[in-house]
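As a basis for the values below, the full set of heavy atoms in this structure was taken, side chains included, without hydrogen atoms, waters or symmetry mates.
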Amino acid sequence: KDASAADVLHTFVPGSILTVDAIDNILNIAPRRTGSVVAHTLHEVSQMLSAPGWNPYVSPIEVLIEDNQAAEQLRLPQGIIPTHHPRLGGAAVFRGTHLAGWLDEREARGLQFARGKAKGGILVIACDPDGREDISIELLSATGSLLPEFKDGQLSAKIEVKATGNFVELYCEPRAHVDVLNERFAKAIEEEIRAALDALQNRFAVDALGLGLAVYQRLPEVWKQVEQDWDRVFATVPFEIDVKARLLRQGLTSSTVEVR
């Protein structure tokens with residue numbers, strides 16, 4: 001993003017000799033750490049390009065420039081710039097082979113949730129009724145399904161997500177009942193999904209979700225009616241989102257550990 005491939009290959013990642021190896025490691029780790037990095041293989045991208053009613057999306061690489069005089073003195077392989085670092089996050093959305101726009105990290109993870117591909121990351125929910133204190137939740141697992149429906153001449157779709165999470169940081173005592181916290185956890189996921197849908201339907205009118213492919217597979221007669229104008233149809237499809245989220249509360253205790 002805003003850089004050439006050569007610019008990226010000249011960046012520096014501490015602890016790595018070859019930038020390409022460092023980026024490969026980031027692509028393997030970041031999806032589970034943040035959930036907002038999309039690590040698609042070339043085969044997966046080619047599937048999106050060839051499938052009916054589906055447009056590809058991938059995480060871009062940016063070059064961050066650090067103002068660090070000490071780093072400039074590092075002895076590195078020729079061509080590597082010690083103050084330039086690669087950063088991955090968000091998603092570039094394509095209409096066919098042409099760039100349609102960018103999703104930020106929250107929207108990218110929302111798209112991953114909707115597709116059942118979210119692997120990790122941290123979500124923050126309110127701990128108290130006033131929303132002044134927060135709890136950080138680590139996403140442990142998530143599954144999702146996309147179900148199109150055609151009724152009374154109207155195409156609609158339902159996204160179902162099931163997720164589990166664990167408390168990571170508590171900035172307050174979790175006074176809310178666990179059922180309330182589960183609802184807030186689910187709401188946080190739903191809001192990310194809706195942010196992604198808003199971008200895809202209203203900003204880009206591009207189906208990177210794969211709803212068109214689901215219609216093609218499940219409702220072939222309907223697909224024949226809409227395929228020639230699918231971008232416009234996709235932008236008007238109403239979505240129902242059903243998220244069931246559960247906090248496992250691992251490692252919590254209400255008493256102080258006594259040392260023997």
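Minimum heavy-atom separation, L181 to A126: CD2-O, 4.0 Å. In terms of heavy atoms, L155 sits closest to V233 at CD2-CG1, 4.3 Å. Heavy atoms only, all atoms of each residue included: F239 and Q201 are closest at CE1-NE2, 3.5 Å. The minimum heavy-atom distance between W102 and A92, with the atom names listed, is CZ3-CB, 3.5 Å. Of all heavy-atom pairs between C127 and I135, the closest is CB-CG1, 3.6 Å. Of all heavy-atom pairs between A118 and L139, the closest is CB-CD2, 4.0 Å.
Checking side-chain atoms of S59 against main-chain N and O of A91 turns up no donor-acceptor pair under 3.5 Å. Between the side chain of R115 and the main chain of L146, no donor-acceptor pair closer than 3.5 Å is present. The backbone N or O of A208 lies less than 3.5 Å from a partner atom in the side chain of W54, making a donor-acceptor pair. In terms of modelled atom types and a separation under 3.5 Å, the side chain of D104 and the main chain of R106 share a donor-acceptor contact. Put simply, the side chain of D198 never gets that close to the backbone of A195: no donor and acceptor are under 3.5 Å apart. Of the possible donor and acceptor atoms, none in the side chain of D207 sits under 3.5 Å from a partner among the backbone N and O of N55. Side-chain N or O atoms of R218 include none that pairs as donor or acceptor with a backbone N or O of L147 at under 3.5 Å.
To the nearest 0.5 angstrom, R246 atom CZ is 6.5 Å from T164 atom OG1. Between atom CG of residue L248 and atom CD of residue E138 there is a gap of 10.5 Å, rounded to the nearest 0.5 Å. Between the CD1 atom in I137 and the CG atom in N166 there is a gap of 9.0 Å [rounded to 0.5 Å]. Taken from CD in E192 to CG in L111, the straight-line distance is 11.5 Å, to the nearest 0.5 Å. Distance check, rounded to the nearest 0.5 Å: CZ of F113 to NZ of K119 gives 13.5 Å. Atom CZ of R95 sits about 5.0 Å away from atom CG of D231, to the nearest 0.5 Å.
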Side chain to side chain contact (heavy atoms under 4.5 Å, CB included) assessment of Y57 paired with H40: CA-CA 8 Å; Y57 66 101; H40 285 147; 3.6 Å; yes
Derivation of the side chain to side chain contact (heavy atoms under 4.5 Å, CB included) call for L200 and F234: CA-CA 9 Å; L200 294 178; F234 170 75; 4.0 Å; yes
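For the pair L213 and P52, the minimum side-chain heavy-atom distance is below 4.5 Å. You'll find the side chain of L103 stays beyond 4.5 Å of the side chain of V38, heavy atoms only. The shortest distance between side-chain heavy atoms of Y216 and E227 does not fall below 4.5 Å. A heavy-atom distance below 4.5 Å is found between the side chains of I159 and L197. Counting heavy atoms from C-beta outward, E105 and T34 have side chains that stay 4.5 Å or more apart. You'll find the side chain of F204 stays beyond 4.5 Å of the side chain of L99, heavy atoms only. No side-chain heavy atom of E190 sits less than 4.5 Å from a side-chain heavy atom of I193.
Salt-bridge annotation for K224 and E221: present, with a side-chain N of the basic residue lying under 4.0 Å from a carboxylate O of the acidic one. A salt bridge does not link E44 to K117: none of the charged nitrogens lies less than 4.0 Å from a carboxylate oxygen.
By the 6.0 Å contact criterion, CZ on F94 is enclosed, its count of non-hydrogen atoms from other residues, nucleotides or ligands being greater than 12. Counting non-hydrogen atoms of other residues, nucleotides and ligands closer than 6.0 Å to NZ of K187 gives a total of 12 or fewer. In the displayed structure, R203 atom CZ is contacted under 6.0 Å by more than 12 heavy atoms of other residues, nucleotides or ligands.
No single ILVMFWY cluster, assembled from side-chain heavy atoms under 4.5 Å apart, contains both V58 and V93. Hydrophobic clustering (ILVMFWY, side-chain heavy atoms < 4.5 Å, transitive): V45 and V206 are in distinct clusters.
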